[in-house]
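Read through the structure below, which is laid out as structure tokens, and then see the notes.
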Amino acid sequence: MNKNNKIHFEVSERKVLLRIFDVLFVLAALYCIGNVFDFEYLEESTSNFYSALVLAIYVNIIGTVFEMFNLQVASNQYKVLRSIILTASITVLFYLLTPVFSAELPTNRLQILIFYVTLLLALVLWRTIYVKFLASNRFVQNVILVCERNQVEELILELENSDPHYRIVAYVNSDKANNDLFEYHFVQHIGVDELVSFVNENSLFEIVVASQNAEDITLELYQQLLHLLESGTTIREYTQVYEDKTQRIPLHHITKDFYKFFPFNRSNNNQLYLLNVKVMETLISVSGLSFGVLLIPFIALVNTMANRGNLFYTQERVGKNGKVFQILKFRTMIHNAEKEGAVFSSPNDNRITPFGKFLRKTRIDEIPQFINILKGEMAVIGPRPERPFFVKEIAEIMPFYETRHVIKPGLTGWAQVNYSYGESMDDSLVKLQYDLYYIKHRSIFLDLNIAIKTISTVLFYRGQ
């Protein structure tokens, strides 16, 4: 039997590990410093259940906003240091301003500074341990890929780029018509007859089978995989792994088997969930429009000087069930920007004015869309609505594109918070994969995740 004695962590497990130990290190450090030096404020913050709970919640929520639990950031000592400083600073500020539940402010203000420094150093210590040990090569998940030879490069890049600890060390060519030796960089090609011995001789996490057609799996390969499965080796299908790692739907791989992904998440027809969403959207829209009204004099003033023309801009977009509606935005482009026809906007689009770029980066230009939400044409969270011209063009090239219209389009969404600006068909495919993942896994927890990541997008000036 193949036994893998190495310690491995899945993506979700690593994120839970980071969250738990962030809190444990902070509370332990505050408790120790408070007791050793008799600082009442630090002691009260850990000995009182409600105070400790509030602090733990703040560390987790604010840490999410500043990407403390993004594994790409967490594995880089320099990137995570910025996140730690921002998280510690805002956490302490919120904690100090929280009435009733947090510890009573000390008469000796020096304790507040010590509280901040202790929390900051506790996070630095734990995250240094994580980078040096838990994010090291000893925790890499070594994997064998079973696929056709012409798929090797694409599949390896997709999986390894999504998880820095997931490594394809070998592949088995399932293509009966082309069984030539072919090695991609450091990925070894092994024959079907060598599969069992290779697994037994190496510490492997799992085998991923990526053959699109069942007939590609020869009887010999099937028997080898069955033998390994019976001996305890984990074997998973590629689309399952891809979805877990990338949080996208692998449209390029599932082809005609898309029916396997229907029906979409039950939340799309869950009346209680939809009612809760409607109530929250109404509250958020009213709050957003109230904030927007306060900004209008400033925006109008700058607009007359730096972007002369209409303050607002309307444009046709495709909504739920393919229904076309007029989206409302603050204008960010020059007058008559599309005199040569409709084209994808890009990050460095010279049609966008300097002030318009600021409005886009801060997402202020989208505040008027709260009116579309109140009218029922849009949701706060969902796939971004696209123009009819591009929908028709993309749908002719990209299967399942119009599937994103089964729910209302959103002001923000899973694609927007996970992917950069879409300025090509390839970008549209990636964003579609994220959109369909959201539709499939839609839930209150995913909505909260998107909301928090949207705050990160605004704070880090990444608006599109």
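Residues: numbered from 1 along the sequence shown.
- The shortest side-chain heavy-atom distance between I381 and Y438 falls under the 4.5 Å cut-off.
- Ion pairing between K408 and E281 fails under the 4.0 Å rule for side-chain N and carboxylate O.
- Counting only heavy atoms from C-beta outward, the side chains of F205 and R167 never approach each other to under 4.5 Å.
- Counting only heavy atoms from C-beta outward, the side chains of L411 and I373 approach each other to under 4.5 Å.
- For the atom pair OH of Y401 and OG1 of T403, the computed distance is 11.0 Å after rounding to the nearest 0.5 Å.
- A salt bridge between R384 and D435 is absent, with no side-chain N of the basic residue lying under 4.0 Å from a carboxylate O of the acidic one.
- No side-chain heavy atom of L155 sits less than 4.5 Å from a side-chain heavy atom of Y242.
- Contact of the N321 side chain with the H405 side chain is not registered, since no non-hydrogen atoms from C-beta on lie closer than 4.5 Å.
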Chi angles and distances behind the side chain to side chain contact (heavy atoms under 4.5 Å, CB included) call for Q433, W414:
CA-CA 10 Å; Q433 291 176 321; W414 193 233; over 6 Å; no

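- Salt bridge status for E393 with R387: absent, with no side-chain N to carboxylate O gap under 4.0 Å.
- Ring-plane geometry between F21 and F25 is classed as tilted, the angle between the planes lying from 30 to 60 degrees on a 0 to 90 degree scale.
- Under the side chain to side chain contact (heavy atoms under 4.5 Å, CB included) criterion, T332 pairs with L359, R360, D365, sequence neighbours left out.
- For the pair R127 and D22, the salt-bridge criterion is met [side-chain N within less than 4.0 Å of a carboxylate O].
- Salt bridge status for E158 with K245: absent, with no side-chain N to carboxylate O gap under 4.0 Å.
- If you take CD on Q224 and CD on E194, they are separated by 10.0 Å, rounding to the nearest 0.5 Å.
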May I have the step-by-step check of side chain to side chain contact (heavy atoms under 4.5 Å, CB included) for N173 and H189, ending in yes or no?
CA-CA 7 Å; N173 185 8; H189 172 267; 3.6 Å; yes

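- For the pair L195 and I190, the minimum side-chain heavy-atom distance is below 4.5 Å.
- Looking at N200, its side chain does come within 3.5 Å of a backbone N or O of V196 through a donor-acceptor pair.
- In this structure, W126 CH2 and L24 CG are separated by 9.0 Å, a value rounded to the nearest 0.5 Å.
- For N418 (side chain) and Y434 (main-chain N/O), no donor-acceptor pair under 3.5 Å exists by modelled atom type.
- Put simply, the side chain of T64 gets close to the backbone of N60: a donor and an acceptor are under 3.5 Å apart.
- Judged by distance alone, with hydrogens and angles left aside, the side-chain atoms of Q151 form a donor-acceptor pair with the main-chain N or O of E148 at under 3.5 Å.
- Taking CZ of F370 as the start and OG of S287 as the end, the distance is 8.5 Å to the nearest 0.5 Å.
- Looking only at distances, no side-chain donor or acceptor of T118 sits under 3.5 Å from a matching main-chain atom of L30.
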Side chain to side chain contact (heavy atoms under 4.5 Å, CB included) between V80 and Y130, intermediate numbers included:
CA-CA 11 Å; V80 79; Y130 176 82; over 6 Å; no

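- Inter-residue side-chain proximity for V209 and Y238 is flagged as unmet; no heavy-atom pair is nearer than 4.5 Å.
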Run V143 and V169 through side chain to side chain contact (heavy atoms under 4.5 Å, CB included) and show every step you take.
CA-CA 6 Å; V143 178; V169 294; over 6 Å; no

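- Of all heavy-atom pairs spanning L289 and L374, the tightest one is CD1-CD1, 3.6 Å.
- Between Q72 and K79 there is no side-chain heavy-atom pair separated by less than 4.5 Å.
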